[in-house]
Amino acid sequence: MELNQRFRGYLPVVVDFETGGFDAVNNPLLEVACVMLDWEEDQLVIDQRHERHAWSVDPFNGSNIDPASLKVTGIDVDDPMRGAQDEKLVLSDFFKLIRTAMKRHRCQRAILVAHNASFDQGFLNAACERAELKRNPFHPFTTLDTATLAALAYGHTVLSEACRRANLEFDASKAHNAAYDADRTAELFCNIVNTWGDATGLPG
C-alpha cells in the first residue's frame, strides 16, 4: 500500500498554528509548522527525508493580539530573532511544500491533520482570504482531528494526556510551540492509525 491509497487519494499533513487569540479574522497567525508523513511497511511514519518545517509569522496589519495568548505561547512578537516573515510569503512557501509532496505521493489533494483541527483550518482559511491566495491545496472542509481520534482511541482530548495514554513522550515545557506540538500531534496520529487494526480487528 502507498500513502495515497491509505487516505483515499489525500495527502495527510500534520499542522499546528500558534496564534494571537481565538478569532481567526482579527487575531494573527504567529507560528506555522507542519510534519510530513509517509507509508512504510504497512505503517504510517514521519517522513525522515522531508519531515518537519516551521515558520514565524509577522502579525498582519490591523490585527489584534490577545495578551493572554502570548502568555500561553511565550512568543515575543517584537523579538527580531524570531525571523518572522510576511503571512502571504509563509503561506506561499507552505503551500509549495505541500504541492511538492502531493506530486511525490501522487495525491490529488492534501488533508489537514491537527489537534482541534477546526481551529487551525479556520485560521488557515482566514489567512488565505487576507492574502488572496486562491490555490489552497487542502480540502476545503474535511479534516482529520486528533482530538476526536484520541477521544475514541484513548478516552481523552487533551494532547498531552492523549500522548501519555499512548505511551508517547510529551514535554509540557515545550508545549504551545508550533513545531513541537505538530511533532507530538504527528506521533499521536501515526500511533492511532497504526494500532487501529489491532484494536478493532478491522483493516488498518
Side-chain angles (χ1 to χ4, degrees), residues 1-17 31-55 93-121 124 135-172 174-175 177-204:
M1 182 185 294
E2 296 186 11
L3 186 62
N4 61 351
Q5 296 172 313
R6 179 59 179 83
F7 297 98
R8 201 166 82 51
Y10 295 142
L11 174 77
V13 180
V14 182
V15 171
D16 188 81
F17 299 147
E31 291 181 351
V32 171
C34 69
V35 178
M36 309 305 292
L37 304 177
D38 204 350
W39 192 262
E40 295 181 359
E41 299 180 357
D42 294 326
Q43 295 281 293
L44 186 66
V45 298
I46 291 175
D47 187 338
Q48 297 302 319
R49 296 162 298 174
H50 308 281
E51 46 184 357
R52 301 164 176 86
H53 306 268
W55 300 262
D93 287 348
F94 178 39
F95 288 171
K96 182 179 180 181
L97 180 76
I98 303 305
R99 291 191 187 97
T100 298
M102 287 168 55
K103 184 177 181 180
R104 183 168 64 249
H105 290 287
R106 298 187 297 279
C107 292
Q108 60 188 10
R109 195 145 204 179
I111 187 167
L112 185 144
V113 182
H115 206 75
N116 297 309
S118 62
F119 177 87
D120 298 87
Q121 188 181 50
L124 179 62
R135 295 183 60 240
N136 183 340
F138 287 99
H139 193 284
F141 54 83
T142 299
T143 61
L144 296 172
D145 179 19
T146 53
T148 301
L149 293 172
L152 177 65
Y154 305 117
H156 214 286
T157 60
V158 174
L159 180 59
S160 58
E161 179 61 17
C163 286
R164 187 189 69 80
R165 295 186 182 194
N167 295 316
L168 300 173
E169 177 186 351
F170 192 94
D171 185 343
K174 298 179 181 179
N177 168 276
Y180 185 76
D181 286 357
D183 183 79
R184 295 297 83 204
T185 300
E187 291 283 5
L188 181 64
F189 181 61
C190 289
N191 186 277
I192 293 171
V193 171
N194 293 336
T195 59
W196 175 253
D198 291 338
T200 64
L202 296 174

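Heads up: numbering here begins at 1 and tracks the sequence.
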message = If you define the side chain from C-beta out and look only at heavy atoms, does anything of Val193 sit under 4.5 Å from Arg6?
response = yes
Step-by-step side chain to side chain contact (heavy atoms under 4.5 Å, CB included) determination, Trp196 to Leu152 = CA-CA 11 Å; Trp196 175 253; Leu152 177 65; 3.9 Å; yes
query = Taking the inter-plane angle between the rings of His139 and Phe141 on a 0 to 90° scale, is it parallel (under 30°), tilted (30 to 60°) or perpendicular (over 60°)?
reply = perpendicular
task = Keeping the roles fixed (side chain from Asp120, backbone from Phe17), state whether a donor-acceptor pair exists under 3.5 Å.
result = yes
Over 12 non-hydrogen atoms of neighbours within 6.0 angstrom of CD in Glu169 = no
request  = Report yes if the side chains of Asn191 and Cys163 come closer than 4.5 Å at any heavy-atom pair, otherwise no.
outcome  = no
ask   = Do the side chain of Asp145 and the main chain of His115 share a donor and acceptor less than 3.5 angstrom apart?
value = no
task = Can you see which heavy atom on Phe138 is nearest to which on Leu112, and at what distance?
result = CD2-N, 3.4 Å
query = Donor-acceptor pair, Arg52 side chain versus Asp183 backbone, under 3.5 Å?
reply = no
query = Is there side-chain contact between Val158 and Phe170, with heavy atoms separated by less than 4.5 Å?
reply = no
ask   = Would a 4.5 Å heavy-atom cut-off, applied to side chains only, mark Leu37 and Leu11 as touching?
value = no
inquiry  = Using a 3.5 Å distance criterion without hydrogens, assess whether the side chain of Asn194 forms a donor-acceptor pair with backbone atoms of Gln43.
reply    = no
inquiry  = Can you pull out every side-chain hydrogen bond (donor to acceptor under 3.5 Å, both in side chains) where at least one residue sits in residues 96-113? Sequence neighbours excluded, please.
reply    = Glu2-Arg106
inquiry  = With a 4.5 Å cut-off on side-chain heavy atoms, are Met36 and His53 touching?
reply    = yes
task = To the nearest 0.5 angstrom, please state how far the CG atom of Leu3 sits from the CE atom of Met102.
result = 12.0 Å
ask   = Who passes ring pair (Phe, Tyr, Trp, His ring centres under 6.0 Å) against His156, sequence neighbours left out?
value = none
ask   = Asp16 and Ala178: which non-hydrogen atoms are nearest, and at how many Å?
value = OD2-CA, 3.3 Å
ask   = Looking only at heavy atoms, which two atoms of Tyr180 and Asp171 are closest? And how far apart?
value = OH-N, 2.6 Å
key: From Thr143 atom OG1 to Leu124 atom CG, the distance as rounded to the nearest 0.5 Å   = 11.5 Å
key: Minimum heavy-atom distance between Leu188 and Ala150, given as atom pair plus value   = CD2-CB, 4.3 Å
task = Drop me the distance from Thr146's OG1 to Asn116's CG, to the nearest 0.5 angstrom.
result = 7.5 Å
ask   = Do you know which two heavy atoms are closest between Ala114 and Val15, and how far apart they sit?
value = CB-O, 3.4 Å
ask   = Hey, what do you get for OG1 (Thr185) to CG (Leu149), rounding to the nearest 0.5 Å?
value = 11.0 Å
key: Heavy-atom pair with the smallest gap, counting every atom of Ala175 and Asp181   = CA-OD1, 3.6 Å
task = Could you grab the distance from atom CD1 of Ile111 to atom CD of Gln121, nearest 0.5 Å is fine?
result = 9.0 Å
query = Which of parallel (below 30°), tilted (30 to 60°) and perpendicular (above 60°) describes Phe7 and Trp39?
reply = perpendicular
